[in-house]
Amino acid sequence: MCREIPGFSFRSAESLKMLAGLVREKYMMLDLREEQAGGRVCQDRFISIAEDTGADMLYSGYYEQVPGPDGGMQMVKHPVIDCQAGALRDDFDFGPVLFFRTASFRKAVAGMPDDYRYGALYALRLSMDKIVHVNEFLYSTVPADRRKSGEKQFDYVDPKNRDVQIEMERICTAYLKKNGAYLSPDSRRCVRWDETGDSFPVKASVIIPVFNRCRTVADAVGSALSQKCRFPFNVIVVDNHSTDGTTEILSAIAASDARLVHLVPEVTGLGIGGCWNYALDHCACGEFAVQLDSDDVYSSDDVLERIVVEFGKQDCAMLVGSYMMTDFSLEPIPPGVIDHKEWTDGNGANNALRINGLGAPRAFRTSLVRRLRFPDTSYGEDYAMGLRISREFRIGRIYDVLYYCRRWEGNSDAALGIEKVNANNFYKDWLRTVEFEARIRYNKAAMPQDNSVK
């Protein structure tokens, strides 16, 4: 039986509660497809797996109808990934068809605040005890959003989505509190940084890992060397065995400016995180290590000075600025300024488990990150470090634009295929899983022990 419900929205708690009161079957399916592409959903398979596993919620891979090379339409597989314990981001790709055990659905929405206008589905899936990924392709659809990966990745920080993000943060924070992974604002530990025992040749070092960026690296290095500071600084470029002329460009600049420390690791195969560790361990590294990607440039010549000053003012272990999205010629492009205002001093450490990044430029106290170490990967290494630091230490913020993030055809994330997008998302979900579990253990260890004799 079909019934139209005026004003119904899957994002609204009120609508989901209304729906829960209408369903009488053991299982129910939410079909969010805008166009069904003529394909039916294998409901029998969902029911069979639900019976076999006792799942509360199920989802599967699917086929997408997309333009083919000959101008016609073709069906291509759209795989989805497992939902790990740390998959707390609100944009997890379950696909447009969600299958539920009705009793579990009804219980979840009954406990949902009535005022959720945007995040009801997010709150719903966080309430499911057992979510099963059916590793098959059970239906087809026409994709509603055909933008490239590089165009989608900043949607969550678009200013027009601010109200949505506030509600999503509220939902995620409630979930962390329920599961013992919430970090209270007063849990940030202060450290006497002058007692770490490390000594440094300069106050700050700009760190630039690079591989084959002959078109952009001179701009990045020039931006770093042009900084005007009241303290000594240098620029450490870790040249990861470039083969396109990048090495020669860097050697020429280093020959004319001793502040450029051009390093080529003895070993090959380092990821970006490994290059960071290599720079941090070097005797030339300064007290503060400040990030600059080889594609990008600072917004002015006082960025480094401002960052170091704010470390002192905010007494933090890590500092994150804001940046502007631009084209190769530094002309602003949508969504413009990425200021990560979803990071607040009181709740940023918790909201970091929901979002996919912390912003740029990123700067660190070298004495701490030398001990924590970046994972030797070329994706998510900075996010992993930010999560780890925020568990125990304060992360400061500068909301002014300090950095121009240039988008061009050479960006490594400009147009990723679904397999690479899935791999990247799975890795960050895994990082969140590790951190989620670590925070539960951290909170338990911090709880007063009851040593009374029973």
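The first residue in the sequence is number 1, and the count goes up from there.
- Looking at R394 and D345, a side-chain N of the basic residue comes within less than 4.0 Å of a carboxylate O on the acidic one, giving a salt bridge.
- Ion pair D400/R306 flagged as a salt bridge, since at least one NZ, NE, NH1 or NH2 atom sits closer than 4.0 Å to an Asp/Glu carboxylate oxygen.
- Between K107 and D129 no salt bridge is recorded (no basic side-chain N to carboxylate O distance below 4.0 Å).
- A centroid separation of less than 6.0 Å is found between the aromatic rings of F364 and F374.
- Taking the ring centroids of Y139 and Y62, they lie under the 6.0 Å cut-off.
- When each of N135, V132, V134 is tested with S60 by the rule side-chain contact (heavy atoms from CB on, under 4.5 Å), just one qualifies, namely V134.
- Considering every non-hydrogen atom in both I81 and F92, the closest pair reads O-CZ, 3.5 Å.
- Between D114 and K17 there is a salt bridge, since a side-chain N of the basic residue sits under 4.0 Å from a carboxylate O of the acidic one.
- The shortest distance between side-chain heavy atoms of R11 and L121 does not fall below 4.5 Å.
- Summarising the local packing, CD of E310 is surrounded by more than 12 heavy atoms from other residues, nucleotides or ligands at distances under 6.0 Å.
- Aromatic rings of F99 and Y27 (six-membered ring for Trp) have centroids within the 6.0 Å cut-off, being under it.
- A salt bridge is absent between R388 and E435: the closest approach of a Lys/Arg side-chain nitrogen to an acidic carboxylate oxygen does not fall below 4.0 angstrom.
- A donor-acceptor pair is defined here as one N or O able to donate and one able to accept, closer than 3.5 Å; such a pair exists between the side chain of E167 and the backbone of G119.
- By the 6.0 Å and 45° rule, K77 does not stack over the aromatic ring of Y63.
- There is no side-chain donor-acceptor pair under 3.5 Å between Y383 and N356.
- Residues L319 and Q314 are in side-chain contact: their nearest non-hydrogen atoms beyond the backbone lie under 4.5 Å apart.
- Side-chain contact between D93 and H78 is present, with heavy atoms from C-beta onward closer than 4.5 Å.
- Checked by atom type, the side-chain pair N422/N425 shows no donor-acceptor distance below 3.5 Å.
- For L353 against F436, the heavy-atom pair with the smallest separation is CD2-N, 4.5 Å.
- Between K26 and E51 a salt bridge is recorded (basic side-chain N to carboxylate O distance below 4.0 Å).
- Here the side chains of D293 and T216 are not in contact, with every heavy-atom distance at 4.5 Å or above.
- Ring to ring, Y404 and Y323 are not that close: their centroids are 6.0 angstrom or more apart.
- For the pair R125 and Y122, the cation-pi criterion (under 6.0 Å, within 45° of the ring axis) is not fulfilled.
- Using a 4.0 Å cut-off between charged nitrogen and carboxylate oxygen, R45 and E136 count as a salt-bridge pair.
- The nearest pair of heavy atoms linking A317 to L368 is CB-CD2, 3.6 Å.
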Could you walk me through whether V210 and V238 pass the side-chain contact (heavy atoms from CB on, under 4.5 Å) test, one step at a time? CA-CA 6 Å; V210 64; V238 182; over 6 Å; no
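- Side-chain contact of Q291 with D382: a donor-acceptor pair under 3.5 Å is absent, judged by distance alone.
- A donor atom on one side chain and an acceptor atom on the other are not found under 3.5 Å apart for R117 and S15.
- Look at R89 and D429 and you find a salt bridge, because one of the NZ, NE, NH1 or NH2 atoms lies within 4.0 Å of a carboxylate O, short of that distance.
- A side-chain donor from one of D56 and S104 sits under 3.5 Å from a side-chain acceptor of the other.
- By the 4.0 Å N-to-carboxylate-O rule, R407 lies too far from D327 to be salt-bridged with it.
- Counting only heavy atoms from C-beta outward, the side chains of L88 and Y175 approach each other to under 4.5 Å.
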